[in-house]
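The chains referred to below are lettered A, B, ... by the order of the sequence lines, with proteins before strands, and numbering in each begins at 1. The shown structure was predicted, so the numbers you read here are calculated from the model rather than taken from an experiment.
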Amino acid sequence: MPLKLEAKNLNFFYGNEQVLFNNNLPVEEKKITAVIGPSGCGKSTFLRVCNRIFELYRNQRAEGELLLDGVNVLLPEVDVLELRRNVGMIFQKPTPFPMSVFDNVAYPLKLHFKLSRRETFDRVEQALRGASLWDEVKDKLKTSGLALSGGQQQRLCIARAIAAEPEVLLMDEPTSALDPLATSKIEELMVELKKRFTIMVVTHNMQQAARISDATAFFYKGVIVEHGTTTKIFTNPANRKTEEYITGRFG
Amino acid sequence: MPLKLEAKNLNFFYGNEQVLFNNNLPVEEKKITAVIGPSGCGKSTFLRVCNRIFELYRNQRAEGELLLDGVNVLLPEVDVLELRRNVGMIFQKPTPFPMSVFDNVAYPLKLHFKLSRRETFDRVEQALRGASLWDEVKDKLKTSGLALSGGQQQRLCIARAIAAEPEVLLMDEPTSALDPLATSKIEELMVELKKRFTIMVVTHNMQQAARISDATAFFYKGVIVEHGTTTKIFTNPANRKTEEYITGRFG
Amino acid sequence: MQKKKLFWRKLANHIFRFFSLLAVLLATTAMLVIVTHVIRAGSKALSLNFFLNPSKPYGMPDSGIANALLGSIMITLGAALLATPPAICAGICLSEFRDRPKITAALRFSANVMMGMPSVLVGLFVYTLIVVPSGHFSGLAGSVALAIIMFPVVMRTTEDMLDMVPYALREASLAIGMTRTHTTLRIVCRSARKGLITGILLALARVSGETAPLLFTALFADSWPKDYFSGPTPNMPVLITEYSTNSPFAAMHQAGWGAALVITVLVLTLNIGTRIMFREKRHAT
Amino acid sequence: MTVHFINEIENLTLLLLEVTSKVEHAVQQAIQATFSHDVPLAQKIIDADDEIDATEILIEEECLKILALYQPVAGDLRKVITILKVNNEIERVGDLAVNIAERVFDMVSYGENMVEKLDFEEMTGKACGMLKKSLDSLTYRDTAIAAEVISLDDEVDKLHHDAYLFVREKMLQHPNQSGYYLDCLTISRCLERIADIATNISEDVIYMEQGIIVRHLHEGGTK
Amino acid sequence: MTVHFINEIENLTLLLLEVTSKVEHAVQQAIQATFSHDVPLAQKIIDADDEIDATEILIEEECLKILALYQPVAGDLRKVITILKVNNEIERVGDLAVNIAERVFDMVSYGENMVEKLDFEEMTGKACGMLKKSLDSLTYRDTAIAAEVISLDDEVDKLHHDAYLFVREKMLQHPNQSGYYLDCLTISRCLERIADIATNISEDVIYMEQGIIVRHLHEGGTK
Amino acid sequence: MKKSAIDNSFKWFCFFCAGLIGLLMLGFFIQLSLNSKQVWEVFGWRFLISSEWDPVAEKFGALPSIVGTLSTTLIALLIALPLALAAAMFLVHAAPLIRSVLGHAIDLLAAIPSVIYGMWGLFVLVPFMQNKIQPFLAETLKIHHIPVVGRFLAEDYYNGFGILTGGLILAIMILPYICAILRDVLQMTPPMLREAAYGVGCTRLEAGKDIIIPYGIRGILGGIFVGLGRALGETMAVLFVIGNIMEMPQNAFSGSTTIAATIANCFPEADGLQRSALFALGLILLLMSLFIQILAQSYLRAATAHRGE
């Protein structure tokens, strides 16, 4: 399997405090990789390194390599705007921009490409269809993105993320703010999306990781204790800590 | 098994809109009864009838009978303050009062009983022990209840609720705002508490209902579609809607 | 194409960041200029006597601000005493008793309008309401005017603060068998305690510098404020106005700067003190 | 995610049906081999069992995976568990086919025309028919078929009893051929056990559909 | 809630051990009954099977309950599934005990001293020992014991083969007693199957502990 | 029963207190209307458009005050708004230390009594305008030769007072005030939304103008209106520097007056019709500020409702 993303000896620091220790994680292309672990284990941090969003904050720094198609994106010469177009991110809570549904999806397109109105419209429709949202919003493209329900907002954010044709999608507990029905829709969507994108999802919900992911990485105290296929991790983990975590013995 | 609480033909209205329809539910003494169902099915409303907290709001009214030890507590001559002493309630989010840990628990005691300082202290300690919180807070009884962690705050609220020696505890998604570790502590505590109290818990989390409850009632559109032992509901539900709900076919 | 676009986007970004830095510098220098001037000019007037002696007409020696300071304190405290209790109750009304949403919405709107009421109009109002019927200016009228300014501020702060208390806390309190009154006063207000005190003190700091309404109510007198209820009462803001505009004399101007420094320091101390003591969410008004 | 769960379960059921038809075929061929004393065929059947065993392991692992990943409850859970158990039973049928085939090596020593052969056709047809039907009941979730299978068990038991009496009689008549008849008896017993297994499967299906364990309810009669 | 899960699993294991010892006892008594031609004892064993069957259903329902309520994964899941399968096997052993006991009714017709009896003591000891050990390996999660059990299977197979040869020889000698020897062969086969079941259980235990399916790996040799 | 009686009386007491605010507002209207009745009877609507203010001839018109009020307010807003917005954006993104220091400084400046600004304006800004800016504009830039602009900035003699000075001092006064509100509004942008903006590859400018400002737009507009209201009703800061001339202003350096300044200035000596005219000015100011407040509050309320989702 080709590797899309690969962390090599990745370390991360908040100020002087190290929170990720020598992480090595290969992420296969067009698969869903779930990142699980107890609170504060560094799983969200790991995700935030992947599109360098951590650079918004002072005192946070990453060391080591993070290869995207073999290129270390942590190097300063890699353009961060370009990287973020390539690596979309979905957050815990839906974050629709304060604009219409259409503009929400068109925004990243306008930002990164020079497209005609027609092309823009087509790509927006395509993205909304890709996020299984088109049928629900096609009659209200002009209404505010904030007027949608929570689950729809989250799918809108997914549409926004995929509109710019990224290669990797990072999802940070994408369903933790949603009700069960919306959650299952998002989960189905994710499985659909992996046909086109490489997905990394951080989740608290072990059942979710089990249901949707192909590979699972277990973080504990900033270290990747175990990673492998989800089936392996959930039926026969190699590490005792992993076993304890997924069987609910701790955390 | 003796019935502690029994709803008979219970109807509930928000203004002109009926949200509970002819609910009949026997609740056994010293058992945990889980109330499950999709969002908006009336499960929280049902709980809020049990201690008449709905009376805070205009336009809400309950019809039918709710027997607590055979007495219909919905009758106006039943003193609502006394009822609420007898039927404690725990909310989704922890609600510690803005006072010290000690006073939080001592407060309902002062309200309802005339106790000496010594007695008060003893009962507070007892309640905190009962809520598995004593060891964690015994050295900081004077600090504010708000300074505790989320899980501790929720256990503090449980201690507060059990301090007045109620007979029934109502819990409205008591762990939905907590992380997995705190959740599992609360769950263990609940199983411990059922030795002394009759517990009704509303939960979104089906695994939780399965793990901790003895009986389960499934609400759908304001109607109790099925109720029975948790084992029965989760291995062999009688109703197709129940089966669809618990297997995740909808909602 | 994309590269070119990227270049322009980045350029615009750099220009914007430069402009915003400039704005901050400009704003802060303007502020610094004012504050340093007040300090420089005011500090010349300061002496022990300046604080101990009452003000005197021009030409008399040993003129000070003691009477105005005392008068200001009396007027402001009077305003606080008049305004705070009913304002808090009014805030409770808005936040806790929502069973008549139309009435509370109308009251909330009134409060908002009153908050933006030009203070000079408050002066006019109290003038016709108290000064004209009673026949004389008085410190009390000044207090009433300031109280009217404070009232909506405290009322709205109270509402905002109480609104921040989660609704579940009220239900939790009622669920253990407390009465409504008890819940409101002992639990809800107590939860919002810090915010309430902060709001009251900040409102107090704000009105303590108000000048316009006092021109029509308390006026000024070169005497100790013994006529709080029945006559013109000395106070700082009007003293500053009198000394700086209505007087051609440099000595009076200097005393005016001194008074300005004193009141600035007092207001800021109250402000800073409040914020430090009750460090919580800031509120713009 | 229910969609994926349902897909997985369907694939699993298909796999199970496939292995069942293989096993059924193996049984029929084994019987044929015993009748025609066809050693190569018997050997082929024995060799083919490895594949069946491998499929059993695959299905069992898939079941475990589904349980671990989807954590089904209620009907879904019963379905997975039923597949797990039926899978086990089917593998046993495969073993029985091997057992039958193994008899061939012994039986050939008696020569084609030396002995009076027992005709297993009816019994094989019935046993395999039951097996087929029991799997149908699983596929179509049809408890009526399952109940029919359970009722057919008595017939096969009867045939086995007849075979037993026949064998005993033949042994008395031809003691020197008793080895052959022992083999026949073994075959008969294997077929009877296949019918039993079909009955077990049907009971499992009834449990899956109705949540009632019917096993042992009627055993007093049939054993 | 893990505490409760662990408790439930422990209770289940205890129940399983209990029923195993009952079954083992039943097998030994059945063998004794065949030896002493003790019809009442045989009847008692057959009657007692109902209880064993009831326990099997109870254990299976508990397993289902645990799966539905606690939704275990990884090692926990394997443990529950293993118990589910072992439970099934144990019930089969119970059925085999009944099969042995049923032979008694037929055997008594041959009279105490009429026939040369087969001594099943060694075989019974070995088969029951294997069963016991396999359950020990489950209880103590000891794969070494499980491996030992698997290796013992060959010995029992050997004993069964000996019995088969013995029976054939006796049938030739005393054709009129062939019914009796047929019964003996059935008993031997039952004991051999008990050993097989113990082997299966051991394989399941190894799977539970190590997550590796060892079944069929060595079957080529033993079948 | 007793407990519910306490509950009820407490509730009614609270309603009474809240009712006070409504009474007060009505009181303002009634009092100003009653007291200005005379002027409306004498001049009618012409009071609004007349620019005469002659106490001796008993002729009064509100136009100069209104124009002065509006023009100073407009100047103040034009200067303060862009600076405040840019500064607020800077503060939101600044390092924690700078943010807290500057943030507190701005909060404190917003709290300084307006009389201090007025005094500083009178003693520092007016002379500065008189001695530096006006000569610079007129002599160095020859501003009066430039068409259009010249008309607004040229004045024959330099005295430093006037609309521009008033507007400037108001701008300095409301700058921290608006800035504080804007900063609070911008800070309420959820961090996740900000990260989402950067996450799609926005630069800081783009995130600010397309996401963060639109997100808080209602709050920002509300804040602007609050600042506007404050500038409109401000008395003391303007009173000292506007010149207090009851004439139609000719250009930015013309002495002028505002409603609030006129009231404060003339009221002590006024009686009869002039006093009534001052009350009429008060009524106009009240209506203006009511209008602003309605706008401000509707925007602010919409802002909170929209954040409350």
Nearest heavy-atom pair of B:Ile53 and C:Glu171: which atoms, and what distance?
CD1-O, 3.4 Å

Heavy-atom distances under 4.5 Å only: say whether C:Arg180 touches chain B with side chain, backbone, both or neither.
side chain

Return the CG to NE2 distance between B:Leu81 and C:His182, rounded to the nearest 0.5 Å.
11.0 Å

Give me the contact list for residues 86-99 of chain B versus chain C, heavy atoms only, anything under 4.5 Å, ordered by residue number.
B:Val87, B:Met89, B:Phe91, B:Thr95, B:Pro96, B:Phe97, B:Pro98, B:Met99

List the atom of C:Ile176, the atom of B:Pro108, and the distance in Å for their closest heavy-atom pair.
CD1-CB, 3.8 Å

Who wins among B:Arg84, B:Arg52, B:Glu82 for the most heavy-atom pairs under 4.5 Å with chain C?
B:Arg84

